Amino acid sequence: MTTPTSNIKTAKDYATDQDVRWCPGCGDYSILKQVQSVLADEGVKTEDTVFISGIGCSSRFPYYMNTYGIHSIHGRAPALVSGLRSVRPDLSVWMITGDGDSLSIGGNHLIHILRRNFDVNILLFNNEIYGLTKGQYSPTSPSGQISKSTPMGSIDHPFNPLALCLGADATFVARAMDRDPKQLRSILAAANNHKGTSLVEIYQNCNVFNDGAFFVYTEKQSKPQSTLFLEHGEPLVFGEGNTKGIKLDGFKPIIVDLEADGVLKDELWIHDKHDQVKALMLTRFFDDNQNAENALPRPFGIFYETQRGTYEDALHEQLKHAREIKGEGDLDKLLAGTNTWEIN
Amino acid sequence: MTTPTSNIKTAKDYATDQDVRWCPGCGDYSILKQVQSVLADEGVKTEDTVFISGIGCSSRFPYYMNTYGIHSIHGRAPALVSGLRSVRPDLSVWMITGDGDSLSIGGNHLIHILRRNFDVNILLFNNEIYGLTKGQYSPTSPSGQISKSTPMGSIDHPFNPLALCLGADATFVARAMDRDPKQLRSILAAANNHKGTSLVEIYQNCNVFNDGAFFVYTEKQSKPQSTLFLEHGEPLVFGEGNTKGIKLDGFKPIIVDLEADGVLKDELWIHDKHDQVKALMLTRFFDDNQNAENALPRPFGIFYETQRGTYEDALHEQLKHAREIKGEGDLDKLLAGTNTWEIN
Amino acid sequence: MEKTLELKKEVTILFAGDSGDGIQLTGNQFTNTNALFGNDVSTFPNFPAEIRAPQGTVAGVSGFQLNFGSLDLFSPGDMADVLVVMNAAALKANIGNLKTGGTIIANSSGFDKKNLRLAGYGDENPLQARSLDKYRVHEIDVTKLTRSALVDSGLGTKEIDRSKNMFVLGFLYWMYSRSLETTIKFIQNKFKGKQHLIDANVKVLKAGYHYGDTSETFTSRYDVKPADLPKGTYRNVMGNQATALGIVAAAHRSNMQLLYASYPITPASDILHELARHKNFGVKTFQAEDEIAAAGAAIGASFGGALAVTASSGPGIALKTEAIGLAVMLELPMVIVNVQRGGPSTGLPTKTEQSDLFQALYGRNGEAQVVVISAHSPSHCFDAVYEACRIAVEHMTPVIFLSDGYMANGSEPWAFPKSSDLKPIKPKFAKPLENVEEKYLPYLRDEKLVREWAIPGTKTLEHRVGGLEKEKDTGNVSYDPENHEHMVKTRAAKIAKIADYIPQQTLAAGEMDGDVLVLGWGSTYGAIKTAVNELIAEGYKVAHAHLTYINPMPNNIEEVLKSFKKIIIPELNDAQMVNIIRSKFLLPAIPYNKIQGLPFTIQEIKAKVLEILNA
Amino acid sequence: MEKTLELKKEVTILFAGDSGDGIQLTGNQFTNTNALFGNDVSTFPNFPAEIRAPQGTVAGVSGFQLNFGSLDLFSPGDMADVLVVMNAAALKANIGNLKTGGTIIANSSGFDKKNLRLAGYGDENPLQARSLDKYRVHEIDVTKLTRSALVDSGLGTKEIDRSKNMFVLGFLYWMYSRSLETTIKFIQNKFKGKQHLIDANVKVLKAGYHYGDTSETFTSRYDVKPADLPKGTYRNVMGNQATALGIVAAAHRSNMQLLYASYPITPASDILHELARHKNFGVKTFQAEDEIAAAGAAIGASFGGALAVTASSGPGIALKTEAIGLAVMLELPMVIVNVQRGGPSTGLPTKTEQSDLFQALYGRNGEAQVVVISAHSPSHCFDAVYEACRIAVEHMTPVIFLSDGYMANGSEPWAFPKSSDLKPIKPKFAKPLENVEEKYLPYLRDEKLVREWAIPGTKTLEHRVGGLEKEKDTGNVSYDPENHEHMVKTRAAKIAKIADYIPQQTLAAGEMDGDVLVLGWGSTYGAIKTAVNELIAEGYKVAHAHLTYINPMPNNIEEVLKSFKKIIIPELNDAQMVNIIRSKFLLPAIPYNKIQGLPFTIQEIKAKVLEILNA
Ligand SMILES: Cc1ncc(C[n+]2csc(CCOP(=O)(O)OP(=O)(O)O)c2C)c(N)n1
Ligand SMILES: Cc1ncc(C[n+]2csc(CCOP(=O)(O)OP(=O)(O)O)c2C)c(N)n1
Ligand code: SF4
Ligand code: SF4
Ligand SMILES: [Mg+2]
Ligand SMILES: [Mg+2]
């Protein structure tokens with residue numbers, strides 16, 4: 001969403017005096033830092049900004065932002081955001097949530113805020129685990145995950161969060177990670193500039209209960225061949241030195257070796273963030289076994305972005321229209337109604 | 001889902017002695033009749049069958065079925081189904097729900113049961129309105145809908161229910177209508193034979209609060225050009241005398257006139273219910289204005305079907321496995337734990 | 001033919017028929033006409049649970065009871081003087097509510113074979129049976145007469161039959177010497193642009209009126225003179241409507257935006273419908289995906305500085321309790337409306353009950369007191385919900401406002417206030433700090449123990465709130481043991497202190513120091529007040545006190561209670577308020593309960609009080 | 001050097017350190033060793049709210065209090081005799097809980113500059129300060145000693161430091177003359193397959209023990225003889241563990257499948273974790289998407305004929321209330337476990353409180369009574385939850401089982417039962433009708449007013465249930481007024497009747513007809529019982545009654561209460577049970593409340609009772 005700007009500030013100006021209470025090494029620290037610096041870069045005013053979260057480790061976030069903030073109840077942040085934006089479209093609103101908070105208990109509010117398209121930036125910290133309650137599996141944990149509540153492995157088929165969000169007609173969908181601050185910042189800035197609900201899924205390492213869940217994407221050794229960085233208008237390339245690409249064979253994405261197979265870049269799938277069908281296909285690059293031969297890499301970046309009117313704009317339009325046709329409400333007339341009589 | 005069979009029964013054997021209390025003319029009557037006759041055709045045993053619903057006009061359904069049944073609370077039927085099937089995988093379970101029940105208050109449970117893939121047949125009666133509470137708009141009402149709660153028109157962007165369900169990794173997704181009993185029966189039979197969660201959206205006319213919402217699909221005059229009947233392995237054809245077809249231009253579906261354009265049937269898009277991407281594209285045949293020139297017709301039939309293990313099977317496997325490796329639990333050993341001492 | 005005119009003080013008419021027969025409309029029209037004429041009126045609609053249950057069955061009967069008179073009325077009457085029935089099922093369902101000697105006006109074509117069978121009457125037409133000997137039965141073939149009135153209208157039979165109710169209405173206007181004017185205006189408005197329908201309905205209305213004049217069977221007409229109500233300008237109002245108006249008025253008087261966030265549920269939805277029509281007052285309505293979201297949205301809006309209201313009925317309130325707990329912790333204003341219905345669970349959705357009092361007072365985890373306020377009649381909903389908004393905003397707290405199905409759908413004349421006469425509502429918005437080095441303390445309190453409302457957009461007041469226990473003054477998260485006790489006690493003390501800012505408890509009838517006090521709350525007001533007034537007239541030393549402020553109670557409540565020898569507490573539940581009074585004051589208050597989805601009758605209350613008096 | 005051996009009756013040790021210091025493990029090991037030795041033990045772990053708060057800060061301090069002795073113990077002790085602190089913050093957070101003259105054992109490397117600053121001590125090391133003069137302070141450089149013990153282990157410093165707690169444990173075993181055996185076995189099991197870690201930990205453990213032997217500073221050792229507990233076989237058990245075992249036992253004894261449907265929440269999650277480990281008992285656990293789904297799943301499973309249990313803490317219970325109402329209407333068995341924590345809202349998630357009693361009794365819409373049962377100590381969780389399951393199944397009703405964070409995480413020795421000694425549980429499954437022409441009546445009741453459990457798969461019993469009010473016997477939907485009253489009263493009567501099937505109220509201490517009765521419920525048991533016993537020993541006529549059955553209460557409860565001159569009700573809330581007793585019996589019971597997220601101390605109770613005695 002677009003936001004009011006102010007005098008130059010630095011990331012530090014967005015920090016509070018409260019001790020940050022995440023475990024040492026937690027991925028949340030990096031995300032906090034990037035958010036603070038993006039707010040500084042974008043010149044967002046602290047007094048016009050509200051961070052709203054649910055419950056979870058990640059949901060402590062608002063306490064560390066020198067803005068207005070609510071640490072609400074588990075899963076319900078989208079509801080609070082909807083109410084706040086309905087009455088205060090002038091504010092910059094950010095929502096912080098975890099994979100349990102937004103996809104387990106809060107799944108319904110999430111899909112409803114996406115379809116209504118309130119103007120808010122949603123940062124979904126996905127660590128594929130319940131951190132705050134000490135290590136139960138979450139709706140994004142892969143099947144077979146051993147956790148406190150699944151000592152023999154989880155038997156749930158996990159959500160594909162971005163596929164779900166597109167199914168709910170989201171207007172901005174992106175994926176980032178805690179350990180790639182640069183891309184994270186650029187996505188956050190884009191989210192901030194999108195008018196409507198922007199959903200950014202951020203892979204976040206919980207080094208205490210699910211350490212390394214995303215190492216295959218974040219660590220040097222495996223990152224090149226398992227990640228695919230999406231750039232609007234650019235071909236899908238990845239691998240060490242970007243030597244691999246993805247081509248479409250009808251509806252089937254196939255991996256090609258740019259050097260060995262001699263495929264040209266412009267024969268590759270060119271990323272178009274405005275194409276919903278292609279975005280849907282990209283969300284399906286979701287093979288659970290990233291170590292499998294020929295597994296599709298996991299995409300990061302902006303999958304999809306489109307313009308659709310926001311709920312609050314439509315709401316304000318409707319009020320304006322009502323005033324135009326009926327005139328500003330007159331309370332005394334309203335109280336009197338249409339039929340009155342006198343008793344003397 | 002597959003179900004136990006019994007001696008021959010007729011549709012009447014599935015009816016109860018309770019007066020059916022829907023408004024005269026309500027689309028629910030036809031659906032009730034088709035369900036009863038499908039159960040008879042499939043030879044489902046009344047004593048092994050459970051109908052579970054939420055709250056709404058449609059959710060009265062269980063009272064009219066001479067099986068076991070629960071008329072539960074608003075939106076929560078999937079939760080009851082999950083619990084029942086976890087302990088009773090031997091039963092045939094059907095869930096009845098409305099567009100408000102399953103997509104407004106119950107949205108979260110719906111997407112979770114779909115991802116977990118419990119073996120149940122979900123019939124979603126979509127009348128694009130809240131019937132029981134007398135006519136407020138629902139999450140499937142088109143924007144602009146005038147209703148009791150939206151006298152100036154709704155400003156919500158509605159859900160595309162089947163797109164949402166596919167986003168939640170549903171394994172069986174179909175659309176039917178109250179006024180096409182034949183197709184409805186065949187879809188119900190297929191749903192019953194699918195192992196896993198089958199979701200059938202049924203367009204249902206609420207003649208009291210939203211009369212005619214689907215007439216464009218159900219009435220003779222407009223039906224041919226606005227509906228597309230999906231058959232696995234068959235080309236997408238529609239229109240009076242099936243003279244129109246749908247072809248793919250890259251990722252773009254286009255309507256062709258089989259006679260005028262001279263297109264052959266095998267150049268058309270051939271429906272493959274096992275192709276998830278194509279199913280996603282079919283759910284996007286969802287143009288709100290069916291009267292527009294060149295609007296894509298609305299598809300009816302089975303969009304998507306795939307096999308994935310059910311939750312209850314995995315649960316039972318895990319228990320079996322636990323017994324194999326640890327032996328049948330011995331309560332006395334469990335109570336004693338690992339460290340005991342005597343006091344004499 | 002000469003007809004006589006009889007004067008009546010008070011008449012109770014019960015209209016009944018299929019839900020498709022337009023009973024509610026007929027009742028409302030008759031009510032409006034009488035109210036405009038100057039009678040006091042009190043109504044009680046009684047819907048079937050089905051949208052439209054099978055025609056002709058008892059389950060499908062819709063009823064509308066109206067009491068109008070030249071006296072002050074507080075209830076829609078116990079038993080009817082006149083029962084108007086459109087078919088056999090309507091007779092069957094309501095005959096028990098007709099006074100001996102009362103009049104039955106029956107649509108004879110509603111008593112054909114099919115209707116008799118559907119109503120479960122067997123073969124014999126009850127209109128001809130001996131069992132109705134104790135009533136005066138008038139049969140009118142309304143269907144036939146309506147059809148002949150419209151024979152040239154060009155309308156189809158189905159459409160014609162839909163205006164049957166106008167015939168009945170016209171006939172009753174004749175019978176009670178009322179003018180057709182209000183209803184004709186209503187018809188013109190309702191069918192604006194469809195002249196043929198206007199003509200047809202007016203024609204049938206007049207046909208009914210003339211039928212009274214010309215028919216030989218009706219020799220008496222009645223008149224009910226205007227009531228001696230206090231001077232003023234009146235309108236008729238239904239409870240849910242008054243609630244909606246009260247909320248709009250509170251937003252207006254406090255100069256705040258209003259967000260009404262709600263999820264539809266019977267019998268609360270009409271408040272949403274009413275409010276959605278007033279967008280030109282800046283009213284924002286938000287139909288949320290469920291009750292939890294509605295409560296959450298209200299909290300979000302409240303944080304943003306708006307007047308935030310959410311409403312539901314019992315099952316939906318159950319879902320809001322976690323969020324209400326959050327609002328308690330955040331100390332943000334918010335009004336939660338509960339239009340109570342029959343419970344538990346889905347219960348009896350279209351019937352009335354007072355069984356959510358415990359839920360309002362105690363239905364949250366942890367020590368989480370909120371203010372609880374209850375209305376006692378349709379028009380009182382306006383005052384009470386306005387008060388709920390005022391207290392929420394001025395004392396920074398969630399307030400639960402209790403209404404119920406009976407008053408929500410009932411109506412009565414209302415001497416509505418001028419907007420300028422409404423008590424002002426003053427939100428305590430925090431001002432920017434002057435010294436930027438200072439740290440803002442969001443949980444600092446004033447003498448009422450109330451914190452400020454520091455809304456986003458205000459410079460220097462950036463702060464964070466949340467559901468974890470908070471440190472005194474700073475509002476930071478605190479796990480300190482003493483701080484927790486301090487905060488729990490302080491939040492409770494803040495609520496208790498509100499007693500200093502509300503009126504003292506007065507008596508609705510009778511005098512202090514009597515033999516029996518009937519203590520009521522909610523929609524039992526009318527029945528209790530009438531019963532007590534009658535007993536006083538009969539010489540008994542009884543009184544009536546009615547609680548609007550349930551938590552906290554007025555400061556003098558104990559004094560009031562203790563000035564009576566006995567206390568009896570009638571409630572439409574299985575004894576809730578009585579438990580609170582007993583525990584608070586250790587007084588042996590006597591419960592009197594009815595749990596039938598129906599209001600008390602005056603006779604029931606009188607009989608019970610007499611029993612206690614004579615015990 | 002010669003060391004003396006001193007005999008102690010009872011010792012309270014409080015271990016404290018960073019959450020990363022392994023404090024809970026150390027405490028549990030020391031507890032197990034003492035329990036196995038034959039002492040009575042009682043423990044109280046106290047976690048920080050953060051998963052792992054910043055090292056060295058007061059917010060990050062984790063504590064574990066253990067009382068062990070040769071007497072019967074009912075509480076983890078008020079004040080500690082010995083305080084073991086791993087760093088400065090731990091000292092700061094806990095010094096207030098050490099008896100005057102008590103011993104401090106401090107890890108001196110936890111008192112370096114950085115730690116002092118993080119703990120907010122400024123520059124002066126408190127260990128050297130005058131303020132600690134009233135204690136015996138022993139400094140041990142645990143870090144350094146551990147590192148030197150493992151200098152040749154090949155482990156990294158981080159890994160080495162992780163075994164510091166073993167040094168402390170070894171030292172305490174020396175100090176209290178205990179064998180290392182249990183802990184060595186534990187280490188071998190924990191690090192199975194990682195021999196180098198086994199060796200390292202055992203080495204450090206022994207190093208600690210030997211340090212005691214050789215160090216010059218410690219001259220006294222202590223011994224605490226085995227307690228005179230009743231004969232039997234014992235184990236140590238934590239409350240949540242006992243709850244899980246009780247549920248498994250109930251399923252086993254009733255021959256039913258178990259579905260435990262839950263959504264994680266502190267402090268209830270450990271029940272889920274424990275149950276998930278017992279799949280070979282046929283235990284099915286279902287981690288639902290939220291609490292509503294968990295409650296719904298339990299109802300579904302119950303309809304299918306399984307023992308259905310769902311658990312949460314306050315905020316999650318709030319979400320389940322609508323579904324509990326449905327279960328009331330369906331009259332299906334179901335157990336709802338509430339492990340209470342500090343409220344309201346998110347409150348103090350890791351702290352204990354008893355403030356959800358009102359919610360359990362009254363927190364639903366409509367008249368919706370459920371059975372409420374509370375445990376009073378870690379091992380009693382087993383009996384009480386077993387009883388909850390029995391009543392649910394045999395009386396076809398939802399039962400709320402109340403535990404709390406204190407007993408859930410505390411532990412004590414438990415003379416666990418033989419499975420064959422457990423009271424049988426008999427579900428009343430309905431049998432197929434013999435006459436197929438007959439109509440099945442699902443709401444027909446027996447002499448207990450209980451309906452049958454007719455489960456799917458049974459021929460001839462097809463029937464439908466739902467949340468709308470149901471007709472007597474048939475269970476069909478009914479809007480009939482009298483039927484509704486009948487059903488509301490019948491559901492309430494069914495619950496009330498359970499009083500005939502539970503034991504009479506007995507006294508936990510003291511005799512009838514005394515001056516003061518201390519009436520408790522829940523985890524206050526230990527503190528009250530010890531306090532009352534001490535007062536009795538001092539000659540006072542006081543007694544202690546503790547409620548396990550809260551709704552309904554035992555038949556003789558009024559008699560018990562009325563035999564005392566005064567009643568005092570201590571609760572970890574702002575006065576809840578006291579309100580119920582006052583309202584039920586019109587007795588002027590006196591509240592005594594503490595709302596600090598902490599249990600009562602024995603001294604607090606004693607002082608309060610004395611105050612009342614002397615008033
Ligand atoms: C109503 C309710 N249910 C359950 C909880 C307990 N709870 C707190 S956070 C959480 C899940 C945390 O997981 P996630 O959202 O992934 O956040 P993370 O801690 O991993 O950042 C749960 C179950 C709660 N606080 N409230
Ligand atoms: C907790 C709760 N909230 C609200 C309601 C009121 N309610 C009953 S049905 C319904 C919606 C009905 O719409 P839908 O699910 O589309 O079913 P339909 O009546 O159209 O078949 C609502 C809001 C309720 N019964 N319970
Ligand atoms: S538990 Fe995991 S997610 Fe939570 S603060 Fe620690 S490392 Fe981060
Ligand atoms: S209101 Fe609509 S959906 Fe409900 S029964 Fe009537 S016609 Fe059917
Ligand atoms: Mg997480
Ligand atoms: Mg609907």
Side-chain angles (χ1 to χ4, degrees), chain B residues 16-18 45-53 55 62-63 65-88 90-91 108-109 111-112 315 318-319 321-329 331-332 334-344, chain D residues 32 35-36 38 182 226 229-237 245 248-249 252 257 259 261 278-282 284 286 288-290 292-301 303-306 308 322-323 326 330 416-419 456-468 476-477:
Chain B
T16 61
D17 61 352
Q18 296 296 294
K45 285 188 185 169
T46 53
E47 71 268 22
D48 290 340
T49 303
V50 185
F51 276 80
I52 300 187
S53 65
I55 299 280
Y63 291 125
M65 293 300 303
N66 184 25
T67 60
Y68 286 86
I70 312 180
H71 177 219
S72 77
I73 43 178
H74 199 31
R76 317 303 176 187
L80 277 89
V81 168
S82 305
L84 178 60
R85 281 215 59 91
S86 292
V87 300
R88 294 296 303 272
D90 55 317
L91 303 172
N108 201 30
H109 309 302
I111 59 180
H112 279 268
L315 180 60
Q318 211 168 52
L319 262 69
H321 187 57
R323 283 177 163 127
E324 277 161 16
I325 54 178
K326 296 198 204 168
E328 178 66 39
L331 184 59
D332 282 302
L334 180 67
L335 297 184
T338 46
N339 282 316
T340 64
W341 68 94
E342 296 288 333
I343 293 192
N344 300 307
Chain D
N32 285 340
L36 280 173
T182 319
L229 292 172
K231 262 171 88 160
T233 311
Y234 284 78
R235 62 171 286 184
N236 196 39
V237 78
L245 296 180
V248 175
H252 193 268
Q257 277 194 70
L259 185 76
H278 303 306
K279 296 206 156 55
N280 60 326
F281 284 81
K284 291 178 178 168
F286 177 60
E289 58 271 29
D290 65 13
I292 301 176
I299 295 174
F303 187 73
E322 192 202 3
L326 177 64
L330 303 189
F416 56 93
K418 282 226 179 59
S419 68
T458 322
K459 278 188 184 151
T460 72
L461 304 187
E462 291 89 343
H463 70 284
R464 278 68 49 196
V465 294
L468 289 164
N476 291 335
V477 173

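Keep in mind that this is a model prediction, so the values were computed, not measured. The sequence lines fix the lettering, A, B, ..., with proteins before strands; numbering per chain opens at 1.
Expressed to the nearest 0.5 Å, how far CZ of Phe303(D) lies from CG of Leu80(B) amounts to 9.5 Å. The OG1 atom of Thr16(B) sits 13.5 Å away from atom NE2 of His463(D), with the distance rounded to the nearest 0.5 Å. Annotation: the span from Ile343(B) atom CD1 to Thr233(D) atom OG1 amounts to 9.5 Å, rounded to 0.5 Å.
Among Pro417(D), Ala295(D), Gly305(D), the residue making the largest number of heavy-atom pairs under 4.5 Å with chain B is Pro417(D). Among Gly467(D), Pro456(D), Gly232(D), the residue with the largest count of heavy-atom pairs under 4.5 Å with chain B is Pro456(D). Most heavy-atom pairs under 4.5 Å with chain B, from the set Pro226(D), Ala249(D), Gly457(D): that is Gly457(D). When Ile299(D), Leu326(D), Thr182(D), Leu245(D) are compared by the number of non-hydrogen pairs under 4.5 Å with chain B, Leu326(D) comes out ahead.
Residues passing the side-chain hydrogen bond (donor to acceptor under 3.5 Å, both in side chains) test with Gln257(D), sequence neighbours excluded: Lys284(D). Residues satisfying the side-chain hydrogen bond (donor to acceptor under 3.5 Å, both in side chains) test with Glu289(D), not counting sequence neighbours, are His109(B), Arg116(B).
In this structure, chain B has heavy atoms under 4.5 Å from both the backbone and the side chain of Ala323(D). The parts of Ser86(B) that come within reach of chain D are both its backbone and its side chain, each placing non-hydrogen atoms under 4.5 angstrom from that chain. Heavy atoms closer than 4.5 Å to chain D are found nowhere in Ala77(B), neither backbone nor side chain.
When all heavy atoms are compared, the tightest approach of Leu319(B) to Lys279(D) is CG-O, 3.6 Å.
Using a 30° and 60° split on the angle between ring planes, Trp341(B) and Tyr234(D) fall in the parallel class, below 30°.
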